[in-house]
J.: 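Shown below is the structure under consideration.
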Amino acid sequence: MKLLLFFFGLSISEGRVFPPSFKFCAATAAYQIEGAAREEGRSPSIWDVFSHIPGKTDGGQNGDNAVDHYHLFKDDIDLMKQLNFDVFRFSLSPSRILPTPDYKVNEEGIFHYRRVLEYLKFQGIKPLVTLFHWDLPQYMDELYGGLLNATALKEFFSKYAEAAFDGLGDLVDSWSTFNEPYTSCMQGYQYGSMAPGRNIHPESEPYDCIHAVLVSHGAVAKIFKEKFPKGTSNKTISIAVNCDWQEPYTDSEEDKNASIRGLDYYLHVFMDPIYFGKYPDGMVERSQGHLKPLTPEEVELINGSVDVFALNSYTSNYVYNDPNLTLGESYDNDGLLGKTFTSINGTSIGNVTEPSWLYNVPWGIGKLIRHINQRYNPGEILVTENGLCVTGEPNWVGDEVLKDQGRIDFYKGYLNAILDAVEEGVPVSTFCAWSMFDNYEWARGYTQRFGITYVNYTTQERFFKDSALWFGRLINRTEGV
Ligand code: PNW
């Protein structure tokens, strides 16, 4: 088979061709693309409120209109079809579906997403639906303390998931619950750089958030299993966690252990409860009482609550042991970890891209997916996000804006690393490019373009960048990586 592919690769394409069964996916999220913030019964989310507070986002920019995908979804799906993407990953806006605190289902919201799903079906593109990509209804924050209140959050998510499964379940096989809960818990409650913008109790609120997310995810998975029992359906559920590979700074035992702790605080804190029914060793103790062990009832709900492993990964960093930090002050300090992008020899871990946190480290994703496969043996791994904004891209003008060779090079590197792992037997089935379109990049507003498709934010016109056309050839197997 390998020989055949090799031959195939040599004869009709440049580079290594992906196996025919491998799926390519274009990823987005509701608040970043939809716009139509006040239409058809939608109520404000924490991101509507946060982005309208002066000083919270670059240029005070918000997602009121975003890229108007709410109205342009047919044209947008046509673009995905032109490139032959297998899968469209997008999220539902909870405040379109349950816009009021009585959790009454807004039929207009359901109807909108049915039209999107029907059109995807017509075009032969499979949906991968995220229930929650950070846009919690504002009333949940005001009435209950948002992602901190496990009881209220679980109740909300149970009602919301039920509405989504009942209203849309016939059209969706692949579901995920939360997108990047690590990012929403840390940026939302430790640093306060994203909605709801809290850094009042960095020592406890990140833990409360993680706990509430896990319990809510578990409750949704339980409802999912009841509605779509195994054997009668091939539907799957996941939680899209994110992680940057944590490379040991030196070969010392301390730094090797620091690397594991780095992964504990980032990834294992969510996935160990799901696969092993408990938090990583040492986390409860080091938290000085802020992280409570899971109760037997919680373990029952959370353990075994995913069918596939969904991973967002963009970058890597070095990590070392830092015994001088004080426990109990913040989530980050409790890990006793130092992080850097510069190696002990003074070289960079990779070239930095436009976002200051995003270094180009293709080998890191290779190590990360091998680690996940070894630790959890998940059976199937979906890379649900990967991508970048190219250095300088926000300032490109004229024809330049479509000439994103740097993006093609980045994807080639990461996809080669993934293909190496796949050939070794790591079961990655799907790769999602973040993002199908330039869009609202949260606190960075419209200043960072992650799209493979350029969007003129004034006219809402779309133009394929070179990387989109490259994806088209990759998907058609007329080119490799
Ligand atoms: C992810 N950081 O967010 C999200 O899932 C997307 O919605 C987002 O657009 C994409 O990655 C690109 O940023 C992140 O500062 C945002 O480390 C910021 C960070 C990480 C992930």
Side-chain angles (χ1 to χ4, degrees), residues 25-34 45-47 50-51 56-58 61 63 66-67 69 89-93 128-136 176-195 197 199 206 213 238-246 262 265-267 270 310-317 319 331-332 339 341 349 352-361 364-365 368 382-390 393-394 407 410-411 414 432-453 455:
C25 150
T28 62
Y31 190 69
Q32 296 180 271
I33 61 164
E34 283 184 354
S45 76
I46 57 174
W47 266 97
F50 183 79
S51 63
K56 296 294 186 194
T57 67
D58 289 4
Q61 291 168 341
V67 300
H69 171 77
R89 174 174 184 252
F90 65 100
S91 73
L92 310 177
S93 156
L128 166 47
V129 175
T130 312
L131 284 170
F132 179 70
H133 200 121
W134 306 356
D135 44 358
L136 191 73
S176 59
T177 56
F178 288 77
N179 175 73
E180 296 199 357
Y182 176 83
T183 309
S184 26
C185 292
M186 297 307 138
Q187 309 282 342
Y189 295 96
Q190 183 173 213
Y191 315 125
S193 49
M194 288 187 174
N199 61 345
V213 164
S238 61
I239 179 169
V241 286
N242 62 307
C243 190
D244 303 342
W245 173 249
Q246 304 293 310
Y265 278 78
Y266 216 132
L267 178 73
F270 294 103
L311 172 74
N312 294 359
S313 191
Y314 289 86
T315 193
S316 300
N317 56 261
V319 61
Y331 184 85
D332 276 353
K339 293 188 180 188
F341 293 108
I349 195 165
V352 70
T353 66
E354 183 67 27
S356 56
W357 55 270
L358 209 170
Y359 286 71
N360 183 345
V361 192
I365 204 166
L368 180 60
L382 286 65
V383 175
T384 35
E385 278 182 29
N386 173 256
L388 78 159
C389 176
V390 181
E393 187 171 7
R407 179 170 284 104
F410 180 97
Y411 277 124
Y414 278 66
C432 301
W434 183 274
S435 171
M436 180 62 201
F437 308 104
D438 290 337
N439 61 44
Y440 181 68
E441 178 56 19
W442 306 110
R444 295 287 75 77
Y446 298 96
T447 65
Q448 293 188 346
R449 295 177 174 272
F450 273 76
I452 59 170
T453 307
V455 178

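Both counts, for ligands and for their atoms, begin at 1 and track the order of listing.
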J.: Can you name the side chain to side chain contact (heavy atoms under 4.5 Å, CB included) partners of Ser238, sequence neighbours left out?
T.: Ser176, Val308, Ala310
J.: Between Asp438 and Gly451 (side chain of the first, backbone of the second, donor and acceptor by atom type, cut-off under 3.5 Å), is there such a pair?
T.: yes
J.: Please check: side-chain N/O of Ser184 versus main-chain N/O of Trp134, any donor-acceptor pairing under 3.5 Å?
T.: no
J.: Pairing donors with acceptors under 3.5 angstrom, does anything connect the side chains of Ser91 and Tyr31?
T.: no
J.: If only side-chain N and O atoms count, and only distance matters, is there a donor-acceptor pair under 3.5 Å linking Tyr314 with Glu385?
T.: yes
J.: Nearest 0.5 Å, please: how far is CH2 in Trp47 from NZ in Lys56?
T.: 10.5 Å
J.: Would you mind listing each N/O atom of ligand 1 next to any protein N/O under 3.5 Å, plus the distance?
T.:
from	atom 1	to	atom 2	distance (Å)
ligand 1	3 (O)	Glu180	OE1	3.3
ligand 1	5 (O)	His133	NE2	3.3
ligand 1	5 (O)	Asn179	ND2	3.0
ligand 1	5 (O)	Glu180	OE2	3.4
ligand 1	5 (O)	Glu385	OE1	2.9
ligand 1	5 (O)	Glu385	OE2	2.9
ligand 1	7 (O)	Gln32	OE1	2.7
ligand 1	7 (O)	His133	NE2	2.8
ligand 1	7 (O)	Trp442	NE1	2.8
ligand 1	9 (O)	Gln32	NE2	2.9
ligand 1	9 (O)	Trp434	NE1	3.1
ligand 1	9 (O)	Glu441	OE1	2.6
ligand 1	11 (O)	Tyr314	OH	3.1
ligand 1	11 (O)	Glu385	OE1	3.3
ligand 1	13 (O)	Glu441	OE2	2.5
ligand 1	15 (O)	Trp357	NE1	3.4

